[in-house]
There are 2 protein chains.
Amino acid sequence: MATINSDTRTRDADRTRQAILHAAQQIFAEKGFAEAGIRDITARAGVNQSLVSRYFGGKLKLFEAALEAALDPRLMTDLPKEDFGKRIVARFADERAGRISPLPIMFGAASDSEARAIAAHLLRDRVFEPLKTWFDGETAAVKAARFMIVSLGFFAYRDQLPLAEFAGAVDPGLRQWLETEFQAIVDE
Amino acid sequence: MATINSDTRTRDADRTRQAILHAAQQIFAEKGFAEAGIRDITARAGVNQSLVSRYFGGKLKLFEAALEAALDPRLMTDLPKEDFGKRIVARFADERAGRISPLPIMFGAASDSEARAIAAHLLRDRVFEPLKTWFDGETAAVKAARFMIVSLGFFAYRDQLPLAEFAGAVDPGLRQWLETEFQAIVDE
DNA sequence: GACACAAGTAAACGGTCGTTTACATATGAA
DNA sequence: TTCATATGTAAACGACCGTTTACTTGTGTC
């Protein structure tokens, strides 16, 4: 049984598991699935490398758990349809401290076939399908596709390819176009 | 000196080099940079694995050469601005036999930092910067960014993520939106 | 305190990969 | 024909990675 102050314990499986999961989210987002090593992740978590296999069943299962924990299915669909464009761009463009965006994790899995399959499956079930039901009318599938295309393209443009002079920054004109683009999806 | 029918030669460095390059384009596009092995590429080319290092200087240099050979800088900017939307979507959506699109190669490099840097550099110099000079006015940079976002997002949506029931197919309604979207970039 | 088990660690295993090395052979000029 | 060299091959090298194994140590219970 746990003591009153269980924080004093030097061994805590749940805490270790969470530390691995959090470190995995960070390193998968930073380095991509292929370049993120078990030893990188467990070193940041401050634990032994073998615990990934013990607690998660392997690197691929850890990736799935890390991505799923980063996915918030209500990320878009809890927004009001008024000001949807401004609000969704604000969520995308402005980093929120402590919050790990799932998009870098997903893009980092692009070149590994197994990780990509997991990422695609999660994205479909947790984002794409909820979006389709959230949008109205018979064009809901096209609207969801438009949302995915602009979102994925924006992250690929901003984060994956240092095309602009300052990667990560968003030009005001581009930001305005993004806002009207997202707003048009819910208005039409 | 070459004989009259040099095709009878069993050794031809140029032909071998081209065979490696062509096989590399295919396999980098199919499996991504990380999962594409030197042995895969040289096996398809029908030559020995060591020739990659001898002729190209290594896997990374081979990737750069393969991507550069697949990039056609006039892919967009030789189109007339009338019917630009329909024409560019036709180029993207309808596969052309024998032609290897550079975008699968680029996405396949997403999770390898070195390959991604090469891909980003080539995309900027050969596509993004020409696009900026091709677009008119002071909003050329924003227009080029819009073009990249929609293009990258479309390929990520269609080819990288099997979100729709039939990956690779393009819904007519989505296609129409893509056409108006691209047309708007050149019209505004 | 003694014990059973959970929690954590260190080290080795087996495999893959890019690259290099040592060697064989076709080529074309002298 | 001879021979230097370009071309191609087979095999080994060295490193890295995910995983597993054997072992140690802390924890809670009796």
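Here the structure is a predicted model, which means the values were calculated and not measured. So that the names make sense, note that chain A is the first sequence line, chain B the second, and so on, each numbered from 1.
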- Side chain of A:Glu129, backbone of A:Arg124: donor and acceptor closer than 3.5 Å?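 Absent.
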
Between [options], which nucleotide has the shortest distance from any of its atoms to the side chain of [X]?
X       : options                : value
B:Lys59 : D:dA11, D:dT19, C:dG18 : C:dG18
A:Ser53 : C:dA7, D:dT19, D:dA12  : D:dT19
B:Ile38 : C:dG8, C:dT19, C:dA26  : C:dT19
A:Arg39 : C:dA12, C:dT25, C:dT19 : C:dA12
A:Ala13 : C:dA7, C:dA11, D:dG8   : C:dA7
B:Leu51 : D:dG26, D:dT9, D:dA22  : D:dT9

- Message: Can you tell me if B:Ser50 touches the phosphate of C:dT19, counting only side-chain N or O atoms and a distance under 4.0 Å to OP1 or OP2?
- Response: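 Checking B:Ser50 against C:dT19: no side-chain N or O falls below 4.0 Å of OP1 or OP2.
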
- Would you say B:Thr10 reaches C:dT27's phosphate, i.e. side-chain N/O to OP1/OP2 under 4.0 Å? yes

Nearest whole Å is fine: how far is [N] [atom2] from [X] [atom1]?
X       : N      : atom1 : atom2 : result
B:Ile20 : D:dT9  : CD1   : C1'   : 13 Å
B:Phe33 : C:dC17 : CZ    : C1'   : 11 Å
A:Gln49 : C:dA7  : CD    : P     : 19 Å
B:Arg54 : C:dC23 : CZ    : P     : 15 Å
A:Phe63 : D:dC17 : CZ    : P     : 18 Å
A:Ile41 : D:dC17 : CD1   : C1'   : 12 Å
B:Ile27 : C:dG18 : CD1   : P     : 11 Å
A:Asp12 : C:dA6  : CG    : P     : 15 Å

- Check: C:dA7 base within 3.5 Å donor-acceptor of A:Asn48 side chain: no

- Item | With A:Glu188, the side chain to side chain donor-acceptor pair (under 3.5 Å) member among A:Arg146, A:Gln183, A:Lys143 |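 For A:Glu188, the side chain to side chain donor-acceptor pair (under 3.5 Å) test succeeds with only one of A:Arg146, A:Gln183, A:Lys143, which is A:Arg146.
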
- Task: Looking at every strand, decide which applies to B:Ala36 at a 4.0 Å heavy-atom threshold: base, sugar-phosphate, or nothing.
- Result: sugar-phosphate

- Task: Determine the contact category for A:Val52: base if any of its heavy atoms lies under 4.0 Å from a base atom, sugar-phosphate if only primed atoms, P, OP1 or OP2 are that close, otherwise nothing.
- Result: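 No contact at all - A:Val52 keeps every heavy atom at 4.0 Å or more from the nucleic acid.
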
- Please report the C-alpha distance between B:Phe107 and B:Phe155 in whole Å, then the side-chain angles of each, then the deciding distance to 0.1 Å, and finally whether the ring pair (Phe, Tyr, Trp, His ring centres under 6.0 Å) criterion is met. CA-CA 9 Å; B:Phe107 274 100; B:Phe155 274 90; 7.4 Å; no

- Message: The test is ring pair (Phe, Tyr, Trp, His ring centres under 6.0 Å); show your working for B:Trp177 and A:Phe147 and say whether it passes.
- Response: CA-CA 12 Å; B:Trp177 171 75; A:Phe147 184 92; over 10 Å; no

- Message: Do B:Ser111 and A:Glu35 pair up side chain to side chain, a donor and an acceptor below 3.5 Å, judged on atom types alone?
- Response: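 Side-chain D/A pair, B:Ser111 to A:Glu35: absent.
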
